[in-house]
Amino acid sequence: MNPTTRKIAAFLTISALGTSIFPLAANQVHAATYVTNAAATTAQLSSQQIDTAIKELNSLGIMNGYADQSMGEQRAITRAELASLVYKTFSLEDKTGDSVDLTDVNPAAWYATYATKLVELGIMEANDGQFNPQSQVSDAELEQVVSKAMQRDVKSIHHWMSTFYAENESSTRGETAVLLNTARQAIPSEQAKIESVRSLNAITLIVTFDKPLTAADEVFAKAQTDFALSGGLTLTNMPRLKTGSIATYIVPTSVQKAGEVYNLTYKGQDAGSFEGSGTKLNMTKVSQVTNDTFEIEALQENGVVDYGYIISAYSGGRGANAFVLDDQEQAGGQTYQIISSMQARQVMITPEGGEPIVARYVPFTQSTDGKQEPKFRLPDGQTLQSGVQYTVSSDWANIDNATFTAQSFDALQVASAQAVSETSIEVTLAQDPGDELFSGRSVTLTSPSGDAMTATYKYSSRKGATGVFDLVNDGKLSPDTTYEVSPVGDWSVASEVTVTLQ
């Protein structure tokens with residue numbers, strides 16, 4: 001059944017909601033003249049869900065009744081009504097934005113304040129000053145408005161609307177109430193408390209709060225302090241909110257000891273205990289990518305997913321490849337292992353007949369160009385010796401094909417460079433490497449006088465063969481000075497490549 005068919009497939013008879021429960025709002029007494037859309041209530045949303053949501057929003061003074069003594073739960077919601085509901089749900093009265101002039105909104109209209117505020121904040125649109133207050137709101141518009149209002153990813157909002165979403169159909173007041181009641185629970189709070197914690201695998205916790213964390217509380221430096229773990233266990237990167245969840249986080253840790261009971265406190269408060277997991281991630285194979293770097297592959301078809309595809313923060317960048325895992329880490333009938341952040345991870349690589357070498361994760365390489373292939377690099381100055389067989393081992397992963405024979409790789413060829421600003425340059429290779437091979441690399445810029453500055457790659461800035469390099473130590477390019485660009489180390493070569501800030 002397609003979304004539009006589902007939207008009109010069934011008519012739910014929803015019990016009338018008495019005026020003794022729902023007070024009438026003076027600013028909505030004329031709403032009974034609005035266009036109705038009674039048949040649009042979905043077969044998926046139950047009357048109880050709608051009833052519960054409306055009662056909750058009404059009790060909070062967010063949603064009020066009509067002059068016809070109903071809540072109009074089956075009516076197509078208008079832009080004026082939506083502006084009012086969103087304004088009140090997310091307490092936008094103290095937010096400020098660019099002033100606007102809405103040419104079709106009477107300043108005395110009951111919705112004028114709400115419409116103006118939402119357009120000022122960029123949450124709702126007004127083309128050429130036209131707000132169109134009586135226009136019906138489509139599910140697609142509702143999705144975008146709520147996403148902008150709460151600064152939450154569209155994928156999560158879409159998931160919360162999945163029981164009634166039909167892109168080009170009008171949303172009803174009842175459906176809107178259900179969505180806003182869900183969204184209201186997902187407003188970040190400085191007082192968020194942990195409700196549950198469990199170990200998912202040897203390097204990952206699943207932590208559920210009663211409310212999402214604020215952006216300030218998600219910052220790694222603060223999270224490291226707030227999350228206190230026993231047994232020497234530590235956070236290795238910031239907690240990341242799962243797409244589609246209200247307040248469930250993927251939390252990366254140092255390697256846990258299987259069976260050991262760990263205690264967790266959050267902001268000084270006891271948050272429970274959990275048993276360390278011995279589950280290692282199932283990785284597929286190891287492949288060499290440069291003379292000092294190799295990658296370890298994982299495949300979604302094998303039930304292993306990088307966290308970047310399932311967290312709210314990255315869902316926009318992953319586009320259609322982003323998806324939602326439920327509380328059992330399932331999607332489409334498949335249960336997934338989750339690769340959490342590789343920050344601070346390391347593996348051992350042992351040459352045949354030689355001593356193990358510690359190789360460390362190369363930042364921002366664990367899932368790029370549509371591939372799940374975190375990269376690891378030998379210590380500075382060391383290279384993989386051609387013809388030698390190497391075996392990779394890990395205390396956090398099982399690797400099906402962990403052995404490879406090293407080859408000699410040609411260095412990347414720098415073709416050109418140009419100044420972006422006084423503190424950044426773009427470096428372009430002779431051909432697109434098709435992967436994140438700039439990561440962790442640097443170049444030197446030498447002036448005619450012999451003064452040299454270093455620029456390092458700006459993570460995730462690569463577009464095809466071109467990446468951005470930022471000057472370090474407060475270095476700045478001098479106007480009209482031509483600098484010679486040369487790679488630091490053997491990762492690439494450059495012949496007569498220069499850059500000039502005009």
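Residues: numbered from 1 along the sequence shown. A quick note: this is a predicted structure, and the numbers were derived from the prediction, not measured.
Qualifying side-chain hydrogen bond (donor to acceptor under 3.5 Å, both in side chains) partners for Asp217, counting only residues two or more places apart in sequence or in other chains: Thr214, Lys222, Lys267. Partners of Thr243 under the side-chain hydrogen bond (donor to acceptor under 3.5 Å, both in side chains) rule, at least two apart in sequence or in another chain, do not exist in this structure. The side-chain contact (heavy atoms from CB on, under 4.5 Å) test applied to Ala322 returns Lys155, Ser315, Arg318, not counting sequence neighbours. Residues that satisfy the side-chain contact (heavy atoms from CB on, under 4.5 Å) test with Thr428, not counting sequence neighbours, are Ser416, Ala465, Thr466. Here Val154 pairs with Glu143, Gln144, Ser147 under the side-chain contact (heavy atoms from CB on, under 4.5 Å) rule; sequence neighbours left out. Checked against side-chain hydrogen bond (donor to acceptor under 3.5 Å, both in side chains), Ser421 has the following partners two or more places apart in sequence or in another chain: Thr423. For Asp432, the side-chain hydrogen bond (donor to acceptor under 3.5 Å, both in side chains) criterion is met by Arg462, not counting sequence neighbours. Partners of Asn282 by side-chain contact (heavy atoms from CB on, under 4.5 Å), not counting sequence neighbours, listed by chain and number: Val304, Gln337, Asn398. Contacts of His159 classified as ring-ring contact (aromatic ring centres under 6.0 Å, His included), with partners at least two apart in sequence or in another chain: none. In this structure Phe469 satisfies the ring-ring contact (aromatic ring centres under 6.0 Å, His included) test together with Phe438, Tyr457, sequence neighbours excluded.
Sorted by first then second residue, the ring-ring contact (aromatic ring centres under 6.0 Å, His included) pairs that include residues 178-226, not counting sequence neighbours, are Phe209-Tyr249, Phe209-Tyr266. The salt bridge (charged side-chain N to carboxylate O under 4.0 Å, His left out) analysis of residues 179-197, with sequence neighbours excluded, yields the pairs Glu56-Arg184.
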